[in-house]
2 protein chains.
Amino acid sequence: MSDTKQRPYHHGDLHRALIDTALAMLAADQTWAFTLREVARRTGVSHAAPYKHFRDKEALLRELARIGFVRLGQAMETALFPGLPSSREKFVAAAQACIAFACHSPGLYRLMFSADADKAADPRLHEAAMATFGVLLRLLQEGQQDGRFRAVSITAQAAASWAQVHGLAMLAMNGQLLEEKVGPDPVRAALDVLMDGLSQSSRKGH
Amino acid sequence: MSDTKQRPYHHGDLHRALIDTALAMLAADQTWAFTLREVARRTGVSHAAPYKHFRDKEALLRELARIGFVRLGQAMETALFPGLPSSREKFVAAAQACIAFACHSPGLYRLMFSADADKAADPRLHEAAMATFGVLLRLLQEGQQDGRFRAVSITAQAAASWAQVHGLAMLAMNGQLLEEKVGPDPVRAALDVLMDGLSQSSRKGH
DNA sequence: TCCTCCATGTTTACAGGGAAAACTTTTCTG
DNA sequence: CAGAAAAGTTTTCCCTGTAAACATGGAGGA
């Protein structure tokens, strides 16, 4: 409502603007209870405008979740970059990146795994989730190939690992891993328990 | 709406009736997106009646969650009853009971761990959740005392265990542990990975 | 016994919200 | 340059959560 050029009738990229607003609100409230009307309001358009870009509110939420999975995947990949020595270290780094992501964006993380982001309702969301999951799978495969992880069903290990990492993320996010209760680095400790289960044999102190 | 006696003005136990209706709807839809008005409708009272028993919708949801925790605790205790031999077997039994509970009542389970059942907002809910969590803690303690589990920080093990069990429950509930993908008994397999991490030494095939 | 109080219901009222429909303004395209 | 499609806006509908005011009937004291 100013500058030299006044806002044109067409927003330019309302699709993206709505997503950004919604992401901001999600980050601020840590909940997706916000109303679509409020998103529109803050974006400076009428309350019906969003419906030109998203079938309904859930469609917007699914898009947010999809972006979340993409970001999470990137965060995990980035954590791997430094070329860590062992499979074990790599795995731990990726897991910690996931948990850090959850702690940094709890609202988004929760949305990603909530029923309101129904993966069956959106192939793109499903695909993004699977791709991120794939990072974990790849690490397990590498671990098995270089002989550091026990050679049992990859998918069983993946289930265990994923469950562990996701569970830890939830606990950490909710502040249920307080230092007094659970030691100095509970995430590391819990991951060590997991890694001991995955590993070929050695039980050295990481 | 008939029988010989017509419903009196006072319902008798509307509090309980509302809970029952809501639990039924939760089980039917696997979501707590139902409206309070619909709950009232199905219970056969006016849409404002519930407010005499619950401050708001969330209060009802918290009560449902509390009941869920009580039931989950009972399910786990029951699973322990047969007097299983080793700590390991007991632990696995309790974990499986938890996962079975989640698969049987996915809506309730999800509600219990959702932000809509804010434990900070209701001491009774918080207490119930902690009591259920305590079952796990007790099993770990027993395991350490009889020397079958490694004697590291109980709370670290608890975090790892809880994360694992909860994570598996979520995956199982969402049907993401399909047999083709993950072997015949993925839960058992994943728990074995965990138990191997917890255990003192032996890596026998359970 | 009867009267009055209070918990428990009901009706009414209101401020939003989600979503559809109909209308308007740009932009794109043949 | 016409006209269709895209992207906004306004209007409208029905629904929800929740508060407030009113009604009812059972329990306890005069």
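Reminder, nothing fancy here: chain letters follow the sequence lines and each chain counts from 1.
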query: Can you check the A:Leu60 CG to C:dA19 C1' distance for me, whole Å?
result: 15 Å
query: OP1, OP2 of D:dA19 versus side-chain N and O of B:Arg55: anything below 4.0 Å?
result: no
field: Stretch residues 24-37 of chain A: residues that reach within less than 4.0 Å of DNA chain D through a heavy atom
entry: none
field: Salt bridge flag under 4.0 Å for residues B:Glu63 and B:Arg55
entry: no
task: Search all heavy atoms of B:Arg150 against all heavy atoms of B:Gln157 and return the closest pair with its distance.
output: O-NE2, 3.0 Å
Separation of atom CG in A:Leu18 from atom P in C:dG18, rounded to whole Å: 13 Å
message: If you compare every side-chain N and O of B:Arg41 against the phosphate oxygens of C:dT10 (OP1, OP2), does one of them come in below 4.0 Å?
response: no
Heavy-atom pair of closest approach, residues A:Phe149 and A:Leu139: CE1-O, 4.2 Å
- line: Closest heavy-atom pair, A:Leu36 versus A:Pro50, reported as atoms and distance to 0.1 Å, is CG-CB, 4.2 Å
message: If the threshold is 4.0 Å, N to carboxylate O, is there a salt bridge linking B:Arg88 and B:Asp146?
response: no
- prompt: Is any side-chain N of the basic residue among A:Glu127 and A:Arg124 closer than 4.0 Å to the acidic one's carboxylate O?
  reply: no
- prompt: Just how far, in rounded Å, is P of C:dT27 from CG of A:Asp13?
  reply: 15 Å
message: Check this for me: does the side-chain of A:His47 come within 3.5 Å of the base of D:dT11 through a donor and an acceptor?
response: yes
query: Does A:Lys119 make a cation-pi contact with A:Phe69, if we ask for NZ or CZ under 6.0 Å from the ring centre and within 45° of the axis?
result: no
Sugar-phosphate, base or nothing in reach of A:Lys57, heavy atoms under 4.0 Å: sugar-phosphate
- request: Specify the separation, in whole Å, of atom CD of B:Glu38 and atom P of D:dG17.
  value: 10 Å
- request: Can you tell me the distance, in whole Å, between the NZ atom of A:Lys52 and the P atom of C:dA22?
  value: 12 Å
- prompt: Please give, in whole Å, the distance from C:dA15 C1' to B:Asp56 CG?
  reply: 17 Å
- line: Considering only heavy side-chain atoms of B:Tyr51, the closest of D:dG8, D:dG17, C:dT10 is D:dG17
query: Across the strands shown, which category fits A:His53 at heavy-atom distances under 4.0 angstrom: base, sugar-phosphate, nothing?
result: sugar-phosphate
task: Look at the side chain of B:His15 against the base of C:dT8 and say whether a donor-acceptor pair falls under 3.5 Å; ignore hydrogens and angles.
output: no
